[in-house]
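Heads up: the structure comes next, in structure tokens.
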Amino acid sequence: MTDSPAPHYKQPLLKTPFHERARALSQIDSFIPWAGYTTVDVFTTMEQEYFAVRNATTLYDLTPMVKYRVSGPDAVPYLNRLVTRDVAKLKPDRVAYVVWCNDAGHLIDDGTIFRLGAGEYRICTAERQIDWLLDSAIGFDVQIGEVTEQIAALAVQGPTSCAMLKAAGLRGIELLKPFEIGYFSLGEHRLTLSRTGFTGDLGYEVWMDPAAAETIWDILMAAGRSRGIRAIGSQALNMARIEAGFIMPNVDFVSAEHTIRTGRDRSPLELGLGWLVDFNKGHFTGRRALLTEKKQGSRRQLVGLDIAGNKPAHNALIYTDDGGKREIGSVTSAMWSPTCKRNIALAIVDAPHFQVGSTVWAEIYLNRELVWERRMSRAQVVERPFFVPERRRATPPAEF
Amino acid sequence: MKTPAGLDAVIVGAGHNGLVAACYLARSGLKVLVLERQPYIGGAAVSRRLYEDFTYSNCSYVCSLLRPEIIRTLELPKYGLQVIPYEGGCTMMQGGGHLALYDNHDALRREISRHSKRDAEAYDRYSRDVMRQCKFIKPLLMHEPPDPTSFKPRDLMELLYLGKRFHNLGEKRMYDTLRFWTMSAADFLDEYFESEIVKAHFAGSSIIGTALGPRSPGTAYVLLHHYMGDIDDTVGAWGFARGGMGAISNALGASFEASGGTIRSGAPVAKILVRNGRASGVALADGEEIRAPLVISNLDVRRTFLETMDAKDLPEEFLGQVKNFKIRGSSGKLNIALDGLPQFPAIPPGSPCTRGDMHVTDTIEMMERAYDDWKDGRWSRAPYIDMLIPSQIDPTMVPAGKHYMSVFVQYCPYELADGPWDAAKRQAFGDTVINTIAQHSPNFKNLILHAEIRTPWDIENEVGLTEGNIFQGELTMDQLLFNRPVPGYAQYRSPVRGVYMCGSSTHPGGGVMGAPGANAARAVLRDLGRAP
């Protein structure tokens, strides 16, 4: 991994192995810190980058994603105690989206588990938590280590992503099924691909040796030239993920490891991730609390909202009525969806108003040439995701 | 400095709490006189020039706890108070390594990772838990502590408020709170960290000003007490007062005088006068008597009731409790004028961590050994020091190119096992500290132009703090909240009508916080039937 030449007290943020390539393409010098690295927020314009996700193919530098290697004879029982899903059911070369909780059934984080070999797993997650992972390992014969710096990663997402990868020389990529892991060679370089992503679209994540990073970037960029390839920053990705209904830590929930105020922790049931909780697999951390919550019902839930008008409901408070008398929640993520042509949002809403079909009201503030106006907009609780294209699952995927 | 006639209140001692109380009372329209023994005001929050053009923060040296509501209400910025943040901090290790603390979260994580990857991430959990406890305690700072044995509506309301807040913490955090208030800093830190240097660095604030070791129960709270300044989510919560700590006292003094108050310095109070069971004024050391129906003492509780009042005027049981109030001297202070910036080879070039608090105690064991020396009646042979060079940040303290170093020293006893303090012993104590620093800075000794060396005995004699205890009484659970200073008298009132306490001996305790002074003023005004 290319560390920044300056010491950490002069330059706290690391550079990813793709940094020089990103720097060259960055037109507006818009970089943001992410998990200790400096990464691109916007290359050119957020909208152009967003449409490349839905229209062509995109590269997004995923290297800062925190990665842990979990290995050893007790890897499965360990992971099964850690996360709420049944890891024993995860087949070799498959990926599972998982969440893990504390004893109170409150979410620590979400992430993905890769089954890479016998007793060999990788956890990918947004935030560092070796402290929690090691505490959870007491009594298990497992080794856990952070491998973030040893693996460079690119998300390749968009309708022409499969065609681009094929053109780049990844033979058989079209056979890779959703959540499947495949191993490919590109010249002398070995790549691991998973058909995963954060856009809700057709896409892959490419995992490689950091030393090969710039070469791979160049090959993919060249292969994608006729397929509209673009490097994208975090803002465009964020638009795509809201349409896909995915949640973000510190945006849609705060890890129970970080909350200071009481009542700010969230359970997977509250976040609409009940489908990830397997009560039949035996004990896991938070099981008892989640069972109780399941029996008694959740006090609040993260829902999708379809809001009248076209003004994004950023940070809006949610009410039962247009008079704003009874507050029942707040918006965590909001946007005008350019693809769906809907004004969508993710919001935490109190029981019983979170049922799909319920009508609630969002208090939206509009800045009209520095004059703020307040608008109460009718909103419908709707199913998420907001956008699920067929191509996301199709195997083999179409050319575009 | 005439004494005005028709005084409503006399404040004994122009420490920062006395001045805060004075400001609030004057602002509510009372005629207030502040009497100060020394020719300068400020008590332990002073800036003095003892050597050429060098300004020292002679006693207290950082500003973290001063309540923002006090700064705001008393308009201290208008009267010259500017708090400037300092950067990071570090502990230098015996073998030449170091641990630095950086403001930037990513720099800090990478720095702690050099010692333990796990600790780097455990640090977030540690900060979270400390913040959770601070969040619970913070609103109690500016409240009169409720008396749990009282049935007065006010006490019941306050207790209810306290109980509700406590209950709202949730089951798990209620347990945590009780453990936190009673456990040792060493045990507390063991629950988070594995690296000795990381634990030692954070343990420092659990022993500052405290006659306890890091393994003594109760020190986890002291650690929290020092953290309290950090919780406002505001910029500059921890910092230097520009111009030294005296800038706080001077701003308070100016604010007070602008409200019509009078300060008389060089006017030591010998006695608080009581007539018919009520305060009637004070007598100065030269025999002058000053009449006032209210006397508010900024002195510590021992000095107020055992030395400045007639025992006959006080209930016997109360006196006994005051005598038992723990107020032990355990800290010393060096103020050093330097001919240039000392080098610290352990610190990498360009690191800003020397612009914060620097330490040289790299294990908890070493800290505990330092405490053992204190118990044996001698100063620590390898003392814990909290060393800062404010002149790197504050341009007002010294001539250009020179530097001022403030060195707080833990532990140093008030009474030595081998007889009373004298000049030779004071110098030997100072040499111990200077040699300790010199072990980490080869050019340090050559830079020293002047050093003010203050033992607990000196601090008692100059500042008036009993035994030189910087908190006016230990911050242990038996002396906090409704037990501070004495059960039944935790609401700033004394057994004698018209006599109040406003020093750090009262809730919420020491540090340049101003909360005791503000709370005391509110109690006085409430008794007068005036709106605070």
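Chain letters run A, B, ... following the sequence lines, proteins first and then strands; every chain starts at 1.
- For the atom pair CD (E171(B)) and OG1 (T262(A)), the distance works out to 13.5 Å, reported to the nearest 0.5 Å.
- Applying the salt bridge (Lys or Arg N to Asp or Glu O under 4.0 Å) definition to pairs two or more places apart or across chains, none involves residues 31-41 of chain A.
- Interface remark: A104(A) contributes no atoms to any contact with chain B (heavy atom separation under 4.5 Å).
- The two atoms that bring E146(A) and E121(B) nearest to each other are OE1-OE2, 3.7 Å, heavy atoms only.
- Interface residues of residues 124-136 of chain A toward chain B, defined by a heavy-atom distance below 4.5 Å and sorted by number: R128(A), Q129(A), I130(A), D131(A), L134(A), D135(A).
- By the side-chain hydrogen bond (donor to acceptor under 3.5 Å, both in side chains) test, Y365(A) pairs with E363(A), sequence neighbours left out.
- Residues meeting the ring-ring contact (aromatic ring centres under 6.0 Å, His included) test with Y121(A), sequence neighbours left out: none.
- Interface remark: N102(A) contributes no atoms to any contact with chain B (heavy atom separation under 4.5 Å).
- In this structure, the side chains of P352(B) and Y9(A) come closer than 4.5 Å at one or more pairs of heavy atoms.
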message: Walk me through whether D103(A) and K172(B) qualify under side chain to side chain contact (heavy atoms under 4.5 Å, CB included).
response: CA-CA 11 Å; D103(A) 284 356; K172(B) 190 161 171 290; over 6 Å; no
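- For D106(B) against G36(A), the heavy-atom pair with the smallest separation is OD1-CA, 3.2 Å.
- The closest side-chain heavy-atom distance from R114(B) to H8(A) is below 4.5 Å.
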